[in-house]
Protein chains: 2
Amino acid sequence: MAVSSLMPGHLIRRLHQISSQVFAQRVKEAGFDLTPVQFAALDSLRHHPGIDQAGLAEKVAKDKATIGAVIERLEQKGLVERLINRHDKRARKLTLTEEGEAQVLALIPVVEALQREILPTLSEAEYQQFIYLAAKASGISGGGGEG
Amino acid sequence: MAVSSLMPGHLIRRLHQISSQVFAQRVKEAGFDLTPVQFAALDSLRHHPGIDQAGLAEKVAKDKATIGAVIERLEQKGLVERLINRHDKRARKLTLTEEGEAQVLALIPVVEALQREILPTLSEAEYQQFIYLAAKASGISGGGGEG
DNA sequence: CCAAACTAATAAGTGTACATACTAAATTCG
DNA sequence: CGAATTTAGTATGTACACTTATTAGTTTGG
């Protein structure tokens, strides 16, 4: 078989695709129109109201140019408000609109439920092991604490 | 912390980013200019010369529209040749050029070596476990065979 | 044989994702 | 205070990744 097939890089790309597809399908079925990144941004915003784009970019581990585009679309959908910070006119304070908050709250159980479907062939023990390894590898939790 | 942070979907996205970045850096250092997908396509082509775009799309688990664009770029770089199939004028037979084959062969050890760097914080046992779980979850190898 | 169904590839449109370059504003330092 | 640096955000360009629609060619069925 091709050299690359069993390598982490290739496997991760495949999982990323599967994950995106499951997410898109379930969210659409639930009657919403949000991508994984848009949901992550909204969820992060719910926990950090008033954060600026650079701060949000760091929270969701994305480029600031990417986040700019994501926020742009969320603003157009009326889910996020962008206000210039009085104390720093370069920065924009981001907050969820009522509609934005309503959509995140409605989607949280949907998103939680679909996680298991991303890895349907893993047993429960394997699923937990995967989360542990992926979290450790991605630096989110190297062995306990939270950031 | 944000609801989404410890979910497979989010973790997989982070790993995908890390993977892409490590790949880009190491390949660039080695003096080449190929993305992960371009490498995967070339490697697959090495194993299946004369395949058409739809077939290649299936091999690397990508959309045929995506593969069309990837092949387009590889053709422009002179790494792939695209010839209309005599027996089916809709299809294009893909083959590596000499330069294309040379680049894949030169990159294989580089790509193999960088895999470990994608997951540097995992122990060797954890690394093997991750590959096993990811392969099982992505349907590439549920416990042995090849696809 | 020819219309209908199917298939390979391209085209167009949306959404990440990142690098680089640029503008504007804030901070630092002499 | 004013120049140099840093920072926040936007703009541009490249590269995936997928959906839907279209074009061109092939196969099938009546």
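Note that this is a predicted model, so its numbers are computed, not measured.
Below 30°, between 30° and 60°, or above 60°: for A/Phe130 and B/Phe130 the angle between ring planes is below 30°, a parallel geometry.
Which of C/dT16, C/dA26, C/dA9 sits closest to the side chain of A/Arg73 comes down to C/dT16. When distances are taken from the side chain of B/Gln17 to each of D/dC16, D/dG25, C/dA17, the shortest belongs to C/dA17. Candidate nucleotides D/dC18, D/dT10, C/dA8 were compared by shortest atom distance to the side chain of A/Gln53, and D/dT10 ranks first.
Nearest-nucleotide mapping onto DNA chain D: of A/Ala65 and B/Val37, the residue sitting toward the 5' end is A/Ala65.
With sequence neighbours excluded, the residues forming a side-chain contact (heavy atoms from CB on, under 4.5 Å) with A/Glu126 are A/Leu122, A/Ser123, B/Tyr132, B/Leu133, B/Lys136, listed by chain and number.
Rounded to an integer number of Å, the gap from NE2 of A/His10 to P of D/dA17 is 11 Å. Rounded to an integer number of Å, the gap from A/Lys28 NZ to D/dT20 C1' is 11 Å.
Side chains of B/Gln103 and B/Leu79 form a contact here, defined as non-hydrogen atoms less than 4.5 Å apart. For the pair A/Arg13/A/His16, no side-chain contact is recorded, criterion being any heavy-atom separation below 4.5 Å from C-beta on.
Backbone-only engagement by A/Lys62 is indicated by non-hydrogen atom pairs under 4.0 Å involving sugar-phosphate atoms exclusively. Counting non-hydrogen atoms under 4.0 angstrom, B/Asp88 reaches the backbone sugars and phosphates but no base. Using a 4.0 Å heavy-atom distance criterion, A/Thr66 is classed as a base contact. Using a 4.0 Å heavy-atom cutoff across all strands shown, A/Ala91 reaches sugar-phosphate atoms only and no base atom.
Side chain A/Lys64 to base D/dG9: a donor-acceptor pair is found below 3.5 Å.
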